Amino acid sequence: MKPRSYVAVMIALGALVCGKARGELEVIGPMIVVPNQPIALYFPNLLPPDPDHKILNFTGKADNPSPVTADLWMAFDYMKTDAAGLPVEVFSTPVVFHIPGGGTAPLDMHWELPFCPREVSLHFRLEDIPGVNLGVQVGGQFLHECVPVPTPAALPLGIAGVGLLALRRRR
């Protein structure tokens with residue numbers, strides 16, 4: 001086998017043993033967010049074995065056709081069960097994006113959870129501002145990714161693979 005083949009085999013073996021992040025990429029919009037009509041989008045998570053934490057990331061842009069600045073509120077959330085066994089919605093710290101009148105603004109929001117819930121959601125709300133406000137067009141991508149715990153065997157196996165590769169190269 002050529003050295004490149006060994007490297008490919010070691011990478012594949014490492015991915016199998018260590019597990020790999022499992023992410024879902026959702027295309028959002030384009031959609032119009034108007035004042036006093038919040039939008040909530042819910043997404044299930046495909047849970048890998050032994051999930052460790054969850055990474056949530058939204059990137060996109062907002063277009064404001066109105067002549068006045070619009071304040072677009074965004075937040076992530078997840079569902080959990082309280083001590084009484086009732087479902088409770090837990091929100092990230094909301095971020096307010098100021099979209100200039102007649103302009104466009106980038107949207108970028110990131111949040112990490114110390115576990116991987118079964119469902120996450122993305123929320124948009126346009127603050128009610130006096131004056132003409134036609135709504136804001138929003139579009140982008142929402143990546144929510146469960147990252148598994150590496151198995152204890154991953155490190156020794158990786159070291160053994162590198163050792164085998166080095167031994168093979170000497171021959």
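This structure is a prediction, so every number in the text was calculated from the model and none was measured.
Nearest approach of P94 to A75, heavy atoms of both residues: CA-CB, 4.2 Å. Taking each heavy atom of S66 and L134 in turn, the nearest pair found is CB-N, 3.9 Å. Across P44 and H144, no two heavy atoms sit closer than the pair O-CE1, 3.4 Å. Summarising the geometry of V136 relative to A62, their closest heavy-atom pair is CG1-CB, 3.6 Å, with the distance given to 0.1 Å.
For the atom pair CD of E24 and SG of C146, the computed distance is 7.0 Å after rounding to the nearest 0.5 Å. Between the CZ atom of F142 and the CE atom of M109 there is a distance of 9.0 Å, given to the nearest 0.5 Å. Taken from NE2 in H98 to CG in L72, the straight-line distance is 10.5 Å, to the nearest 0.5 Å. Note that OH of Y78 is 12.0 Å distant from SG of C116, once rounded to the nearest 0.5 Å.
Every residue meeting the side-chain contact (heavy atoms from CB on, under 4.5 Å) condition with L41, not counting sequence neighbours, appears here in chain and number order: I28, M31, I39, F43, F124. Taking E127 as the reference, R125 meet the salt bridge (Lys or Arg N to Asp or Glu O under 4.0 Å) condition, with sequence neighbours excluded.
Between P106 and K61 the shortest side-chain heavy-atom distance does not fall below 4.5 Å. A heavy-atom distance below 4.5 Å is not found between the side chains of F115 and H53. Taking the side chain as every heavy atom from C-beta outward, D71 and L126 never approach each other to under 4.5 Å. Proximity of L56 to H110: side-chain heavy atoms (C-beta onward) are nowhere separated by under 4.5 Å.
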Worksheet item: Taking it one step at a time, do I99 and T104 satisfy side-chain contact (heavy atoms from CB on, under 4.5 Å)?
Response: CA-CA 6 Å; I99 320 301; T104 298; over 6 Å; no

Practice prompt. Check the pair F58, L143 against side-chain contact (heavy atoms from CB on, under 4.5 Å), reporting the backbone distance first and the verdict last.
Written response: CA-CA 6 Å; F58 178 83; L143 174 67; over 6 Å; no

Item to complete: Would you sort out whether Q141 and E26 count as a side-chain contact (heavy atoms from CB on, under 4.5 Å), showing the intermediate values?
Response: CA-CA 6 Å; Q141 295 183 334; E26 316 291 348; over 6 Å; no

Discussion item. Does H123 form a side-chain contact (heavy atoms from CB on, under 4.5 Å) with W73? I'd like the steps, not just the answer.
Written reply: CA-CA 8 Å; H123 298 262; W73 176 94; 3.8 Å; yes

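The hydrophobic clustering, which links ILVMFWY residues whose side-chain heavy atoms are closer than 4.5 Å, places V95 and L107 together. If you chain together hydrophobic residues whose side chains sit under 4.5 Å apart, I55 and L122 never meet in one group.
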Taking only distance into account, with no hydrogens and no angle test, what donor-acceptor pairs under 3.5 Å do side-chain atoms of residues 79-92 form with protein atoms, sequence neighbours excluded?
unit_1	atom_1	unit_2	atom_2	d
D82	OD1	A84	N	3.0
D82	OD1	G85	N	3.0
D82	OD1	L86	N	2.8
E89	OE2	Y42	OH	3.2
S92	OG	F76	N	3.0
S92	OG	F76	O	3.3

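A donor-acceptor pair is defined here as one N or O able to donate and one able to accept, closer than 3.5 Å; no such pair exists between the side chain of N64 and the backbone of G102.
Of the N and O atoms on the side chains of T59 and D108, not one donor lies less than 3.5 Å from an acceptor on the other residue.
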